[in-house]
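These numbers come from a predicted model, not from an experiment. Chain naming here is simple, since letters A, B, ... match the order of the sequence lines and numbering starts at 1 in each.
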2 protein chains.
Amino acid sequence: MKETALQVVRKGRKFEQVVDGAWKVFLNEGFEGASVDDIARSANVSKATLYSYFPDKRLLFLEVARAECQRQANQAFSEIDFSCAVQEVLTQAATRMVYFFLSDFGQQMFRICVSECARFPELGKEFFASGPGLVQSRMAEFLGEATKRGEINVTDTMFAAAQFHELCKADLHTRVICGLQTQFTQAERDRVINGAVEMFMARYGV
Amino acid sequence: MKETALQVVRKGRKFEQVVDGAWKVFLNEGFEGASVDDIARSANVSKATLYSYFPDKRLLFLEVARAECQRQANQAFSEIDFSCAVQEVLTQAATRMVYFFLSDFGQQMFRICVSECARFPELGKEFFASGPGLVQSRMAEFLGEATKRGEINVTDTMFAAAQFHELCKADLHTRVICGLQTQFTQAERDRVINGAVEMFMARYGV
DNA sequence: TGAACTATAAACTGATCAGTTCATTTTCGG
DNA sequence: CCGAAAATGAACTGATCAGTTTATAGTTCA
């Protein structure tokens, strides 16, 4: 029973078309910057049709954010081999996260959510649940299992997952968000990825 | 010769008054949310006067952000005793950072900068230079000295400072930014503060 | 005191934009 | 192929807001 948080979104023939068009415009223009006329044009749909699906712009954004975050998170999970050694799993996870944070979508989603959450609480909850929260829960689960196997020693698994998540943002994420730098070499990425794994293992390794 | 980035800000009798008024409104309303009329009203100044100081709204915000970030950073530095043992200095620094991130000003400044930096590059640079960048440089300097004294072992001091900075945001910052939680107990803060220090020392301690 | 500078209030411009309305056309299942 | 449901487009409402203008009033200092 997949439903949007405020249960007011009607489905129909051109639903996906609207969401896809909105995705593009939000990604390029941000939330405030994207006009509903732009979105309707980009989706090849009339404004009236758009409003027949989504009673307002916020709910449309919510749907876009929810769908894409979940898609990305699921893809990442399916591609990580959780049966590898801890260090290897952490490296894979960190690699995904760094790429996500530095991607256009990751950046813009972060920007929009950070700026709109204060005025739009529902968005914050959805974003957290289908983004950072989801990733951290899955990581915490893995850390718990690895601890049981004696490979590491983590007591507060959710917190450790949050720390790891945060470590993956060191330096580069701050720089990209502040607009100081937009392109990053593999060496720069590796420094963050390996730095996060090393630090995590130094603290929680057996 | 401290001048605003775009060198177009005129000083005058009511300069401080304008900046203070703007500070209040931006803090409560965000950048887009704050209308220039609101700001003029809050500053007890006519709109024309405001525009005689600041040619546009962005430059006004830039001035507000610059001034307040620097003020907060300087205050923090002056209150931390850098002659203490590494662990103690880190704990003090982490405490400040956690409080800052969770404060109204810290939150709102973060929100505004994140959302506006993409369209307003000058802001990103100013924010970084007088916020995270400043803190990280000072921390890096300290880490270098402590390494020389043999108390810790850090080779890339700027990167380590960035990691520490990021660790102080674990869990709580994400939650506050997403609007999941607004009040935090001392125990919650301490968990992050101590968690950051422990992890840092596990990795870089001798 | 008086000239030069600074500030004021209030109206105005011009633009943007979310959301609505409605008469018309398209689509599609039965 | 018919009729109901869905979609269209284009005009419209109502509101907000950055930035300008202007005629007037207050401040400063020589």
Side-chain angles (χ1 to χ4, degrees), chain A residues 4 6-65 112 115-116 118-123, chain B residues 4 6-65 111-112 115-116 118-120 122-123:
Chain A
T4 306
L6 305 185
Q7 301 120 311
V8 259
V9 175
R10 203 174 56 81
K11 296 249 168 177
R13 205 149 48 90
K14 303 202 163 182
F15 187 85
E16 289 303 326
Q17 202 176 323
V18 172
V19 174
D20 290 351
W23 188 90
K24 286 182 201 135
V25 181
F26 282 133
L27 188 59
N28 288 322
E29 312 292 338
F31 181 78
E32 293 294 348
S35 82
V36 178
D37 292 87
D38 287 347
I39 294 172
R41 208 172 306 120
S42 153
N44 282 312
V45 137
S46 78
K47 214 173 156 186
T49 303
L50 187 156
Y51 274 102
S52 85
Y53 288 131
F54 296 96
D56 75 33
K57 196 184 166 186
R58 290 182 157 186
L59 286 174
L60 173 54
F61 181 74
L62 205 54
E63 179 59 27
V64 169
I112 298 176
S115 75
E116 302 301 326
R119 291 171 190 278
F120 187 12
E122 206 52 55
L123 174 60
Chain B
T4 306
L6 306 184
Q7 299 121 314
V8 258
V9 175
R10 202 173 57 81
K11 296 250 168 176
R13 207 148 45 90
K14 304 202 164 184
F15 186 85
E16 289 303 327
Q17 204 176 320
V18 172
V19 175
D20 290 351
W23 189 91
K24 285 180 203 137
V25 182
F26 282 132
L27 188 59
N28 288 321
E29 312 293 338
F31 181 77
E32 293 294 348
S35 83
V36 178
D37 292 85
D38 287 347
I39 294 172
R41 207 173 305 118
S42 152
N44 281 313
V45 136
S46 77
K47 212 173 158 186
T49 301
L50 187 157
Y51 273 102
S52 84
Y53 287 130
F54 296 96
D56 76 31
K57 194 184 168 187
R58 289 182 159 188
L59 286 174
L60 173 55
F61 180 73
L62 205 53
E63 179 58 28
V64 169
R111 280 190 213 283
I112 298 177
S115 75
E116 302 301 324
R119 290 171 192 277
F120 187 13
E122 207 52 55
L123 174 61

Nearest-Å distance, [atom1] ([X]) to [atom2] ([N])?
X: F26(B); N: dC17(D); atom1: CZ; atom2: P; result: 13 Å
X: Y53(A); N: dT8(D); atom1: OH; atom2: C1'; result: 13 Å
X: E116(A); N: dA18(C); atom1: CD; atom2: C1'; result: 14 Å
X: D38(B); N: dG19(D); atom1: CG; atom2: C1'; result: 15 Å
X: E32(B); N: dA15(C); atom1: CD; atom2: P; result: 19 Å
X: F54(A); N: dA7(D); atom1: CZ; atom2: P; result: 12 Å
X: L50(A); N: dA10(D); atom1: CG; atom2: P; result: 17 Å
X: L59(A); N: dA18(C); atom1: CG; atom2: C1'; result: 14 Å

**Asked** Are any of T49(A)'s side-chain N or O atoms less than 4.0 Å away from OP1 or OP2 of dA7(D)?
**Response** no
**Asked** Are side-chain N/O atoms of T49(B) and S46(B) paired as donor and acceptor at under 3.5 Å?
**Response** yes
Distance check, rounded to the nearest 0.5 Å: [X] atom [atom1] versus [Y] atom [atom2]?
X: N44(B); Y: D20(B); atom1: CG; atom2: CG; result: 11.5 Å
X: D56(A); Y: F61(A); atom1: CG; atom2: CZ; result: 13.0 Å
X: L59(B); Y: F120(B); atom1: CG; atom2: CZ; result: 6.0 Å
X: W23(B); Y: L60(B); atom1: CH2; atom2: CG; result: 14.0 Å

**Prompt:** Which letters describe nucleotides 19-30 of chain C, given B = protein heavy atom under 4.0 Å from base, S = only from sugar-phosphate, - = neither?
**Reply:** BBB-----SS--
**Request:** Quick one: label A40(B) by what it contacts on the DNA or RNA (base, sugar-phosphate, nothing), any heavy atom closer than 4.0 Å.
**Result:** nothing
**Prompt:** Is there a side-chain contact between R111(B) and R119(A) (heavy atoms, below 4.5 Å)?
**Reply:** no
**Message:** Would K57(A) pass as a cation-pi partner of F31(A), given that its NZ or CZ must be under 6.0 Å from the six-membered ring centre and within 45 degrees of the axis?
**Reply:** yes
**Prompt:** Given that S46(B) and G33(A) both sit by DNA chain C, which one's nearest nucleotide is further toward the 5' end?
**Reply:** S46(B)
